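Contents: one structure, followed by commentary.
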Amino acid sequence: MDANEILDYCLAKKGVTESFPFDNETLVMKVGTKMFLLMALEKQPLGINVKTDPEWSAELREQYPQITGAFHMNKTHWNSVMTDGLKRDLILKMIDQSYDLVFKSLTKKAKEEILNT
């Protein structure tokens, strides 16, 4: 998958916004006010950071050398994913889980606002 495919996939989800809060190269995708994906646009191969369930994180890291604990983030909950060599379905599943985990952590009011827009 390339950066545009990932961007389009994320933006199709309810309540998602994009921004560059850290620098001009790191695209941050948020649901509500919380990050669920970071993507370094200038680096090749393409890498993303996603939030994952801790048990699944451990399995992914054992199974795929492209998946490691996310730099500068809580490595129990966040993975860095080098997309080269990974199946599209796996990448999308990780993005979906990241979005879902972050969405669930929003306040009831924030969730309702997103669902009703």
Side-chain angles (χ1 to χ4, degrees):
M1 289 188 77
D2 67 24
N4 288 326
E5 289 176 288
I6 292 171
L7 176 62
D8 290 344
Y9 187 77
C10 291
L11 289 174
K13 294 181 172 295
K14 279 196 162 278
V16 172
T17 58
E18 60 180 305
S19 64
F20 291 89
F22 305 118
D23 55 39
N24 293 331
E25 296 174 7
T26 307
L27 177 63
V28 174
M29 306 301 294
K30 293 181 179 181
V31 57
T33 59
K34 296 187 177 189
M35 297 186 301
F36 74 94
L37 183 139
L38 293 88
M39 183 167 37
L41 297 175
E42 300 299 319
K43 292 187 179 175
Q44 291 299 322
L46 180 63
I48 61 174
N49 285 1
V50 288
K51 190 168 191 171
T52 48
D53 172 81
E55 287 181 26
W56 194 39
S57 283
E59 289 176 32
L60 290 168
R61 292 176 196 173
E62 287 177 20
Q63 195 170 0
Y64 301 99
Q66 302 97 317
I67 301 175
T68 60
F71 188 63
H72 286 308
M73 301 183 88
N74 182 329
K75 289 165 185 48
T76 302
H77 298 280
W78 286 86
N79 280 329
S80 285
V81 179
M82 303 313 286
T83 59
D84 276 5
L86 294 178
K87 291 185 178 181
R88 185 178 199 277
D89 289 347
L90 177 61
I91 296 167
L92 296 179
K93 186 175 178 181
M94 287 187 283
I95 293 170
D96 289 343
Q97 186 177 88
S98 186
Y99 174 89
D100 291 344
L101 287 169
V102 173
F103 182 83
K104 287 177 188 173
S105 74
L106 297 174
T107 65
K108 183 178 178 182
K109 180 181 178 185
K111 288 181 208 174
E112 287 174 359
E113 287 174 3
I114 290 167
L115 292 173
N116 293 325
T117 57

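The model shown is predicted, which means the values in this text are computed figures rather than measured ones. Reckoned from all heavy atoms, side chains included, excluding hydrogens, waters and symmetry mates.
Shown here for Leu46 and Ala3, the closest heavy-atom pair between the two residues is CD2-N, 3.5 Å. Between Ala70 and Lys75, the shortest heavy-atom distance links the atoms O-NZ, 3.0 Å. Of all the heavy atoms in Pro45 and Asp84, the pair that sits closest is CB-OD2, 3.2 Å. Residues Glu42 and Glu25 share a closest heavy-atom pair of CG-CG, 3.3 Å. The two atoms that bring Leu86 and Leu90 nearest to each other are CD2-CD2, 4.1 Å, heavy atoms only. Across all their heavy atoms, Asn49 and Trp78 have their closest contact at O-CZ3, 3.9 Å.
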Could you give me the CA-CA distance, side-chain angles and deciding distance for Glu18 and Leu7, then say whether side-chain contact (heavy atoms from CB on, under 4.5 Å) is met? CA-CA 9 Å; Glu18 60 180 305; Leu7 176 62; 3.7 Å; yes
Leu38 vs Met73, test: side-chain contact (heavy atoms from CB on, under 4.5 Å). Steps then yes/no. CA-CA 11 Å; Leu38 293 88; Met73 301 183 88; 3.7 Å; yes
Test log, rule side-chain contact (heavy atoms from CB on, under 4.5 Å), inputs Tyr9 and Val16: CA-CA 10 Å; Tyr9 187 77; Val16 172; over 6 Å; no
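Linking ILVMFWY side-chain heavy atoms closer than 4.5 Å, directly or via other members, places Phe20 and Phe36 in a single hydrophobic cluster.
Taking NE2 of His77 as the start and CG of Asp53 as the end, the distance is 9.0 Å to the nearest 0.5 Å.
A 4.5 Å side-chain heavy-atom check between Trp56 and Lys93 finds at least one atom pair inside the cut-off. A 4.5 Å side-chain heavy-atom check between Leu60 and Val81 finds every atom pair outside the cut-off. Taking 4.5 Å as the limit, every side-chain heavy atom of Met29 sits out of range of all side-chain heavy atoms of Ile95. Looking only at side-chain heavy atoms (C-beta outward), Phe103 and Leu115 come within less than 4.5 Å of each other. Residues Lys30 and Val102 fail the side-chain proximity criterion, which asks for heavy atoms closer than 4.5 Å. Counting heavy atoms from C-beta outward, Arg88 and Ile91 have side chains that stay 4.5 Å or more apart. Between Tyr99 and Val50 there is no side-chain heavy-atom pair separated by less than 4.5 Å.
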